[in-house]
4 protein chains.
Amino acid sequence: MGQRKTTPANREKIIQAASQLIRERGIDNTTLADIAVAAGISKGTLYYYYSTKGDLIFDIADRHMNNLTDRIFRWLESSGQDLPPRKVFRMVLDTVMHSRSRGQIHVYLIQEALTENPSLRKRFVEEYRRWRGIIEEGLSRVYGNHGEYATMARVLLATIDGLILQRLIGVEQIPIDSIAGYFEVTGEAYVSR
Amino acid sequence: MGQRKTTPANREKIIQAASQLIRERGIDNTTLADIAVAAGISKGTLYYYYSTKGDLIFDIADRHMNNLTDRIFRWLESSGQDLPPRKVFRMVLDTVMHSRSRGQIHVYLIQEALTENPSLRKRFVEEYRRWRGIIEEGLSRVYGNHGEYATMARVLLATIDGLILQRLIGVEQIPIDSIAGYFEVTGEAYVSR
Amino acid sequence: MGQRKTTPANREKIIQAASQLIRERGIDNTTLADIAVAAGISKGTLYYYYSTKGDLIFDIADRHMNNLTDRIFRWLESSGQDLPPRKVFRMVLDTVMHSRSRGQIHVYLIQEALTENPSLRKRFVEEYRRWRGIIEEGLSRVYGNHGEYATMARVLLATIDGLILQRLIGVEQIPIDSIAGYFEVTGEAYVSR
Amino acid sequence: MGQRKTTPANREKIIQAASQLIRERGIDNTTLADIAVAAGISKGTLYYYYSTKGDLIFDIADRHMNNLTDRIFRWLESSGQDLPPRKVFRMVLDTVMHSRSRGQIHVYLIQEALTENPSLRKRFVEEYRRWRGIIEEGLSRVYGNHGEYATMARVLLATIDGLILQRLIGVEQIPIDSIAGYFEVTGEAYVSR
DNA sequence: GATGAATGAGTTTTCATTCAT
DNA sequence: AATGAATGAAAACTCATTCAT
């Protein structure tokens, strides 16, 4: 008994195990016992780090969102260097929705926020606003800041969410490339409308 | 002794009650006991009509999807009459995502399909394909059938899903109108690309 | 499976079993599983009748208090018939604190009210007031209603509680009779003070 | 690195913290983690001093009882100096039941003794006997030692316990003074019966 | 002496489902 | 058709206790 090894971040092990299980089965079908087993610890230890399932989920969601925000920020920075718009769109769509582990869990977390966790929901609301803001700024860099990009940013964001959802359902292979193409063409048009 | 002899579609009462509760709390937070109470019947009766919670959910999802399909079909028909594109887009976005009761429940049903109900999932996959097909055809009517509308249909569909999600989260008032405007402008451009 | 017999008041069986266990071990050492087993039902059935441990305890406490109130009321009525004071005191002390099952559980219930159950506490406060009122009136019948009996009633009530406590601890056999004698003598004196 | 080198009675800090928490919430609702936090030490340290929750409680109860015994002894001594009976009663009632921290914890400790801790219970039994003895002797000093004071001592002790209980419940302000008056008047009568 | 991470046995609670009536 | 009492398996949560450092 006692601990095992040098405790290489048990918290991290929990996050990893929980994230994966949630990705595979959703939140409600992932029990704390499952997580504990997958993380190779006891239920008690899980409790030691997160005194509530809600706490754990919140932390996962928190890291998830920070992660997404970071990606988008990085996109914002890189998009300053005169990349061709198509490449930029591809990158956004790709990074945000494709980073397997991330995209898969996104919808489950939203669900949780909706039904159980008001503070998580608040967090999502804020983050969505921020994301839209960043995307807006990115668009104004790509196309020059003459023009209003709020709507386009909104559509981009919604499209990403919708695609994540459809990928989860398994509708079919999603042709990121041609969708990026769509935004390239239409973006141009929308700006110079 | 005290039963209604008329029994005016108990099944309907169940569907209505269940739909509303799910809309408000999600599927996992809606118990059969809740539904029975809300429908004004007993748990036993509920089981008389649906021998499983899954069955009930499936039926709700089924009706939900049929309903959506019907709406889109109706749009397809009306869109033949030379409506201005903006109006058409507005209508699609509006009917599909705004019919309160429908949109609110959509994501929960998808969730259920993902985590519990493989046959429901299959059903969703098929339906999504069909929806995309119908939208594609509608677009080709609006813009003339020279051109490929698969991608645009995909984006439209994804946008709708994404907006439903964001409305659920409560991100902010969604300006359906300006989004319809976006698709009007960009649609034009995309077609004549 | 299904039910057993003609369901001769399962609720009653629960109350009985729970009361006895609490009497023997206190509330915190009585688990719902214990109660279910003792009542010969399943944990699920217990939940069917009381959806929370707190609810069950409240009901037990409620019945307990109603019971005590009834006893005291009955005493009040009988005390009108010119009983000699000693007999009256003996009766009060006896009935209230001796009814084995009742007295034993009293303190545990108070404890629960103190630490967990604010509404139960409120209930106790009210009941104590009522008890004091009844005892006061009884005293005024015994001694004629010239005089103030509030303090004496208070002392009587406190003495009863204290004796219950001491009996629980098992201090020693409590000589109800001589204590009744004490109140007889002193009551006389106090009245004509 | 960060320990106090002085360690000014960690044990004392534990006792203080635990006593207060128990006073506020009862024993079963006070966890060792709570106590450790309140005492500003770690759970491990707590175990260094008390190898069991029971041990800690026993120590608290022990000190509590010694304290009470001391008070009553002091009363016994002072009561030799021809204090008027009313003052004496007031003092007893007051010191024993009013010393906030003490009275509040009394009932919880009894509870614990009843349900968990047989040796603590034995201790209580002994102590109650002792208390009654002391009070008896005190009474014989106040009233002269012609007479039997066992019953009166018992009533006094029971009254105190009952009042403590009622104060915990919060029945209402307890008029110590008029109760002391009651015992003054009735004591006189009882003695000269 | 002191720490806090780790544990597991137990406890309450939840709820879909069954079935005699 | 309709009822609701009964169930059990599973889930989340609690916390005293241990022990390597």
Side-chain angles (χ1 to χ4, degrees), chain A residues 1-7 10-11 28-36 40-56, chain B residues 1-5 7 10-11 28-37 40-56, chain C residues 1-7 9-11 28-36 40-56, chain D residues 1-5 7 10-11 28-37 41-56:
Chain A
M1 296 119 218
Q3 65 274 61
R4 200 126 305 210
K5 303 250 157 118
T6 39
T7 321
N10 248 341
R11 187 174 241 102
D28 282 306
N29 296 304
T30 300
T31 70
L32 296 183
D34 292 339
I35 295 171
I41 59 173
S42 72
K43 257 190 296 177
T45 303
L46 215 171
Y47 168 75
Y48 182 79
Y49 289 97
Y50 297 100
S51 53
T52 277
K53 191 181 186 181
D55 286 2
L56 170 56
Chain B
M1 26 231 60
Q3 323 82 316
R4 297 288 121 63
K5 198 66 256 169
T7 319
N10 253 343
R11 198 178 287 272
D28 280 306
N29 296 305
T30 300
T31 69
L32 294 184
D34 292 338
I35 295 171
V37 169
I41 60 174
S42 73
K43 254 192 297 180
T45 303
L46 213 171
Y47 267 83
Y48 182 78
Y49 290 97
Y50 294 100
S51 56
T52 274
K53 189 182 187 181
D55 286 2
L56 170 56
Chain C
M1 296 119 215
Q3 65 274 63
R4 200 125 305 209
K5 303 246 156 117
T6 38
T7 320
N10 248 341
R11 187 175 242 101
D28 282 305
N29 295 304
T30 300
T31 69
L32 296 182
D34 292 340
I35 295 171
I41 59 174
S42 71
K43 257 190 297 177
T45 303
L46 216 171
Y47 167 75
Y48 183 78
Y49 289 97
Y50 297 100
S51 54
T52 276
K53 190 180 187 182
D55 286 2
L56 170 56
Chain D
M1 26 232 60
Q3 320 87 312
R4 296 288 121 62
K5 198 65 256 171
T7 319
N10 252 345
R11 198 178 286 273
D28 280 306
N29 296 305
T30 300
T31 68
L32 294 184
D34 292 338
I35 295 171
V37 169
I41 60 172
S42 73
K43 256 194 293 181
T45 303
L46 212 171
Y47 267 83
Y48 183 79
Y49 290 97
Y50 294 100
S51 57
T52 275
K53 189 181 187 181
D55 286 1
L56 170 56

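By convention in this document, chain letters (A, B, ...) are assigned in the order of the sequence lines, proteins followed by strands, and residues within each chain are numbered from 1.
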Can you check whether [X] has a side-chain N or O nearer than 4.0 Å to OP1 or OP2 of [N]?
X	N	answer
A/Ser42	E/dT7	yes
D/Thr45	E/dG1	no
B/Asn10	F/dA1	no
B/Tyr50	E/dA16	no

(request) Could you give me the CA-CA distance, side-chain angles and deciding distance for C/Ile41 and C/Ile35, then say whether side-chain contact (heavy atoms from CB on, under 4.5 Å) is met? (result) CA-CA 9 Å; C/Ile41 59 174; C/Ile35 295 171; over 6 Å; no
(message) The criterion is side chain to side chain donor-acceptor pair (under 3.5 Å); which residues satisfy it with C/Thr31, sequence neighbours excluded?
(response)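 C/Thr31: side chain to side chain donor-acceptor pair (under 3.5 Å) contacts with C/Asp34.
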(message) Without decimals, in angstroms, what is the distance between B/Leu56 CG and E/dT17 P?
(response)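 For the pair B/Leu56 CG and E/dT17 P, the rounded distance is 10 Å.
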(message) Rounding to an integer number of Å, can you tell me how far A/Leu46 CG sits from F/dA11 P?
(response)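 Nearest whole value for this atom pair: 15 Å.
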(message) Taking the nucleotide of DNA chain E with the nearest heavy atom to each, does C/Asp34 or A/Ile41 sit closer to the 5' end?
(response)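 Comparing both residues, the 5'-ward one is A/Ile41.
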(request) Let me know, please, whether C/Ala33 or B/Ala33 comes out on the 5' side of the other along DNA chain E by nearest nucleotide. (result)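 On the 5' side of the pair lies C/Ala33.
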(request) State, yes or no, whether a side-chain contact exists between D/Leu46 and D/Leu56 at a heavy-atom distance under 4.5 Å. (result)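 Yes, side chains in contact.
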(message) Taking side-chain contact (heavy atoms from CB on, under 4.5 Å) as the definition, give me every residue that meets it alongside C/Ser42, ordered by chain and number, with sequence neighbours left out.
(response)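 Result, side-chain contact (heavy atoms from CB on, under 4.5 Å) vs C/Ser42: C/Thr45.
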(request) State which residues pass side-chain contact (heavy atoms from CB on, under 4.5 Å) with A/Ser51; sequence neighbours excluded, sorted by chain then number. (result)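 If we apply the side-chain contact (heavy atoms from CB on, under 4.5 Å) test to A/Ser51, skipping adjacent residues, the hits are A/Tyr47, A/Asp55.
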Between the protein and nucleotides 13-15 of chain E, list the N/O to N/O atom pairs that are separated by less than 3.5 angstrom.
from	atom 1	to	atom 2	distance (Å)
E/dT13	OP2	C/Lys53	N	2.9

(request) Could you summarise the pairing of DNA chain E as dot-bracket text, marking Watson-Crick and G-U pairs under 3.5 Å with ( ) or [ ] inside the strand and | across strands? (result) .||||||||||||||||||||
